[in-house]
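Just so you know, these numbers come straight off a predicted model, no measurement behind them. Both backbone and side-chain heavy atoms feed into the values below; hydrogens, waters and symmetry mates do not. Here is the naming used below: chain letters follow the sequence lines, and residue numbers restart at 1 for every chain.
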Amino acid sequence: MSQASPATPDAYDFGTIQNKWLPVWLRMDPFRADRLAGDAPDSEPDTRERRYLLDMFPYPSGDLHMGHGEAYAFGDLVARYWFQKGYNVLHPIGWDSFGLPAENAAIRRNAHPSEWTYANIETQAESFKRYGVSFDWSRRLHTSDPDYYRWTQWLFLRFYERGLAYRRASYVNWCPKDQTVLANEQVIAGNCERCGSPVTKRELTQWYFKITDYAQRLLDDMGPLEGRWPERVLTMQRNWIGRSEGAYVDFVIEGRDEPVTVFTTRPDTLYGATFFVVAPEAKLASEIVAPSQRAAFEAYLEQVKRETEIERLSTEREKTGVFLGVHAINPVNGERIPVWAADYVLADYGTGAIMAVPAHDQRDLDFARKFDIPVRVVVDTGEPDPAETGVATAGEGVHVNSSLIDGLGKIDGVRTMIEALEQRGVGKGAVTYRLRDWLISRQRFWGCPIPIVHCPSCGEVPVPDDQLPVELPDLRGADLSPKGTSPLAAVSDWVQVDCPKCGGEARRDTDTMDTFVDSSWYYLRYCSPGYDGGPFNPEDVQRWMPIDQYVGGVEHAILHLLYSRFFTKVLHDMGVVDFTEPFKALLNQGQVVNQGKAMSKSLGNGVDLSEQLGKYGVDAIRLTMVFAGPPEDDIDWADVSPSGSLKFIQRAWRLAGDVTSERGVDPATGDTALRKVTHRTIKEFTEHVESFKFNVGIARLMELTSTIRKAIDSGPGPADPAVREAVEALAVMLSVVTPYTAEDMWERLGFEPTVALAGWPSYDADLAAAESVTAVVQIAGKLRDKFDVSPDISEDELRQLALASEKVRNALGDREIRRLIVRAPKLVNIVPG
RNA sequence: GCGAGAGUGGCGGAAUUGGCAGACGCGCCGGACUUAGGAUCCGGUGCCUCCGGGCGUGAGGGUUCGAGUCCCUCCUCUCGCACCA
């Protein structure tokens, strides 16, 4: 098509149209936020109502792909709709430009990560422009720019001051391929979120953000997001945070002064505790192990450390463990119970130790049966004895063998037991969360350096604000290959630094931050991109935030979205923003797949966006994405028809060339039947856009297009003002999906660019209202006749019409009418006797 | 195992409060115009049919004058979490 002869008045050629309008738009730059305010400092402000639409910014891995094509088609549709509605719209773009792929590419090519990164950014920027996305290019940012990461570091230091950034030694997730640690959120089913390698554990000292301090608020603040975020994202976040209620209980360990606290959700089963388990990696385990058992314990610990997360998490796996040679004292009955180390207890959840109640917890029962530990029933649920069946009775029942709570049910038992524990000072009611602190340090080069100096005499010293940014050294040509420690550690003249506090010799922290830190605040930077008095200008953030509509993939349901919510709450507590949630509404677009499977090189089913654009043009591809189905559903490229989209676009475009009436003629003198369709379409398309039912909206535009075609060819003809009215409205509505075609139609209709700011068409409610509706007559619920009636027909009139119908009387025969339901104006149901 | 969501033609998908099932598109069939058609336009297209009609929204039951929609049981699929005490 694009290779065909250049566009003549009757031949649509998308290549010609794209080449014609793209330079015009770039020159006009029509999508600047605050567009009505001049650039002069004393100019009037843009007082229109503001809307902030944000698409999740891309990672610059090569050119844009099909997934980008889909996501940005949806985001752009909404943004362009808001522009047409006359809002002052902020629709920015930038790049999440730190990250491992750049580093790995640099290692392969023996180049600097920035070369690969910034080259890809330029490629993507050009592709976005060609794709016709309505960005405000003046606000572009890259998280790998020192101007940006200076403020990432600044924020880190504010977190540090507030005790929300800290370092500790712990067993952490380790990706052996990427040679770096990972946050809990970045381990997907035991595998590295990035590269898919099985994750192992390592004991390392790492930086954390104390997101657990915000667990309850992260839960509570989801209330207002209900209905405006996808339900499944909210559910996933709730599950991830994982609040659970129960109690802390203190157990004395023989030979140790300090009692050991455990968390349990079933304090009511305390009398059924027959052993005690400590996580092998927990410090406690090696502290309390008896000398006689130390060798056995250490062998076990080695074995546990070798296991990958996948092996460890497998539910079929047999329980393992080792007796530690000591006993704990049950605080309610003084009973001595053996203490074991077993890896089914996690070191970093609760207190890393549990009381085991095998009768009423399946995991404890599995363990007890394997190691011949007694099972004592303390809740009678009416089910058979767990010791015999091997099935723990975890449900509700009446307490037995439990002294002070005998005879009580679960709820009363829990309450009474907590009261008793509190009275004796050996426990208390408690809430814990599954959420862990966010591990943010990474042993890689291409990220934001952690602005901390380690001084032999002063300890951790923050880099003073006026010395930010701590810039990455130019490691061109250096060895970046992963070695398990940051490549920065090898750059001695970068690492060695004077201590900001005492001036003595000190060393920089050599880890870089998780790139999810960079992306946790970029949406704030967009509000005042050049600002150098802080990460953002609070006044500008006040004006634009929170984001009215966020658009992006569901793969960030927890990761990025949870982190950003956390950041926003911290900034709120710092007093610099007055909102607590960054994203008022969220739209998750689905994935583009091919032949039922995710596109991948190994499957050979990849579809290249730029190739599709070359074949069908930008508009047809965008339309195909939007028309394929609901935005949140996956699109199988094998099931959709870009050529069908192109056909429709051409049909619409030709209409503009057929209009022969002049601009500005009063459409009221035009054909009423066509006007009704036009106005009803405007009404419905608007509603469908507002409710994100874009595919249904497009269907209405297709119907309008057919109707106009008929009006021109076999109706009132091309000179009728109603035809012009219809085509103008069609062009403006299409502009949110197929901007090039719409612009060209607009020109053919005699207007100047740009159709993008032409203003959304309004509709006449009388014309949009249906003049007649189809009433149906059923007999016993089966359709027997239908006819057109006025929408405001009375029940009586409708009943008369129905009973008078020939078809109805035939079908009814001589049966009695037992009941008659009339729902004017749509339905009559006759129930025969 | 736990949690969430979804099952509608050959396909993608439509269907206010329960009220014409299958909008729109793809594909397919037929026609027009053509030297030609992988262009364009027009028409048809859920299944069965003795052409009266009958049957149809994963299966079975229920509520109702009326169920794709509400309730119960089951089946299948997708996604998330996965020893969280």
- CD1 on A:I793 to CG on A:L801, rounded to 0.5 Å: 5.0 Å
- Between B:G7 and B:G27 - C1' atom distance, rounded Å: 23 Å
- Round to a whole Å and report the spacing from OH of A:Y344 to P of B:G1. 21 Å
- May I ask you to say what A:R436 touches in the nucleic acid, namely base, sugar-phosphate or nothing, with a heavy-atom cut-off under 4.0 Å? base
- Query: How does protein reach along nucleotides 16-28 of chain B, written 5' to 3' as B (base within reach of a heavy atom under 4.0 Å), S (only sugar-phosphate), or - (no contact)?
  - Reply: ---BB--BBSS--
- Note on the structure: Between A:V187 and A:G352, whichever has its closest RNA chain B nucleotide further toward 5' is A:V187
- Please determine, for the side chain of A:Q650, which listed nucleotide (B:G54, B:U40, B:G43) has the closest atom? B:U40
- Rounded distance in Å between the C1' positions of B:G62 and B:U69: 15 Å
- Message: Please report the interatomic distance CE(A:M355) to CG(A:L270), rounded to the nearest 0.5 Å.
- Response: 5.0 Å
- Applying side chain to side chain contact (heavy atoms under 4.5 Å, CB included), run through A:F14 and A:K615 and close with a yes or a no. CA-CA 10 Å; A:F14 63 77; A:K615 211 162 159 191; over 6 Å; no
- Answer for the Watson-Crick or wobble partner of B:G18, both distances under 3.5 Å, is none
- Message: Strictly below 4.0 Å, N to O, side chains only: are A:D713 and A:R709 in salt-bridge contact?
- Response: yes
- Message: When the P atoms of B:G5 and B:C70 are compared, how many Å lie between them, rounded to an integer?
- Response: 12 Å
- Task: Give a yes/no on whether any side-chain N or O of A:R819 is located under 4.0 angstrom from OP1 or OP2 of B:C65.
- Result: yes
- Query: Say you pick atom P in B:C55 and the same atom in B:G61; how far apart are they, in whole Å?
  - Reply: 15 Å
- Task: Return the nucleotide paired to B:G52: Watson-Crick means purine N1 to pyrimidine N3 with N6-O4 or O6-N4, wobble means G-U with N1-O2 and O6-N3, both under 3.5 Å.
- Result: none
- Task: For B:G31 and B:A36, measure between their P atoms and round to the nearest Å.
- Result: 14 Å
- Atom CD of A:E632 and atom P of B:G12: how far apart are they, to the nearest Å? 16 Å
- Counter-base of B:G37, judged by Watson-Crick or G-U geometry with both distances under 3.5 Å: none
- Item | Below 4.0 Å: OP1/OP2 of B:A85 and any side-chain N or O of A:Y349 | yes
- Message: Whole angstroms only, please: what is the CG-C1' distance between A:D713 and B:U40?
- Response: 11 Å
- Query: Who is the Watson-Crick or G-U wobble partner of B:G5, with both distances under 3.5 Å?
  - Reply: B:C77
- Length of the CD1-C1' vector between A:I712 and B:U40, whole Å: 15 Å
- Message: Rounding to an integer number of Å, can you tell me how far A:M355 CE sits from B:C83 P?
- Response: 20 Å
- Message: For A:W340, run the ring pair (Phe, Tyr, Trp, His ring centres under 6.0 Å) check against A:Y300, A:F371, A:F276 and tell me which one passes.
- Response: A:F371
- For A:E185 and A:W240, test the side chains for any donor-to-acceptor distance below 3.5 angstrom and give the result as yes or no. yes
- Message: What's A:R434 touching, base or sugar-phosphate or nothing? Going by heavy atoms closer than 4.0 Å.
- Response: base
- Query: So, is A:R654 near the phosphate of B:C41, with a side-chain N or O under 4.0 Å from OP1 or OP2?
  - Reply: yes
- Test: A:R818 and A:E816 ion pair at under 4.0 Å: no
- Query: Is any side-chain N of the basic residue among A:E281 and A:K201 closer than 4.0 Å to the acidic one's carboxylate O?
  - Reply: no
- Query: Between B:G80, B:A85, B:C79, which nucleotide has the shortest distance from any of its atoms to the side chain of A:R232?
  - Reply: B:C79
- Task: Evaluate the criterion side chain to side chain contact (heavy atoms under 4.5 Å, CB included) for residue pair A:D361 and A:T269; output intermediate values, then yes/no.
- Result: CA-CA 10 Å; A:D361 182 289; A:T269 61; over 6 Å; no
- Item | Rounded P spacing from B:A15 to B:C20 in Å | 13 Å
- Task: Would you mind reading off the distance between A:L562 atom CG and B:G80 atom P, rounded to a whole angstrom?
- Result: 17 Å
- Item | A:E193 CD to B:G80 P, straight-line distance once rounded to whole Å | 13 Å
- Task: Could you state the atom-to-atom distance from CD1 of A:I558 to P of B:C79 in whole Å?
- Result: 15 Å
- Can you name the one residue among A:I354, A:D364, A:V339, A:V357 that meets side chain to side chain contact (heavy atoms under 4.5 Å, CB included) with A:F275? A:D364
- Separation of the P atoms in B:C79 and B:A67, to the nearest angstrom: 35 Å
- Message: Within 90° of 0 counts as syn, otherwise anti: where does B:G62 fall?
- Response: anti
- Message: With rounding to the closest Å, how many angstrom separate the P atoms on B:G58 and B:G12?
- Response: 14 Å
- With a 3.5 angstrom cut-off on both distances, give the Watson-Crick or G-U wobble partner of B:G68, or none if there isn't one. none
- Item | Any-strand Watson-Crick or G-U partner of B:C24, both distances under 3.5 Å | B:G12
- Task: Classify the glycosidic conformation of B:G52 as syn or anti, calling it syn when the angle lies within 90° of 0.
- Result: syn
- Note on the structure: Closest to the 5' end of RNA chain B, once A:T235 and A:I188 are matched to their nearest nucleotides, is A:T235
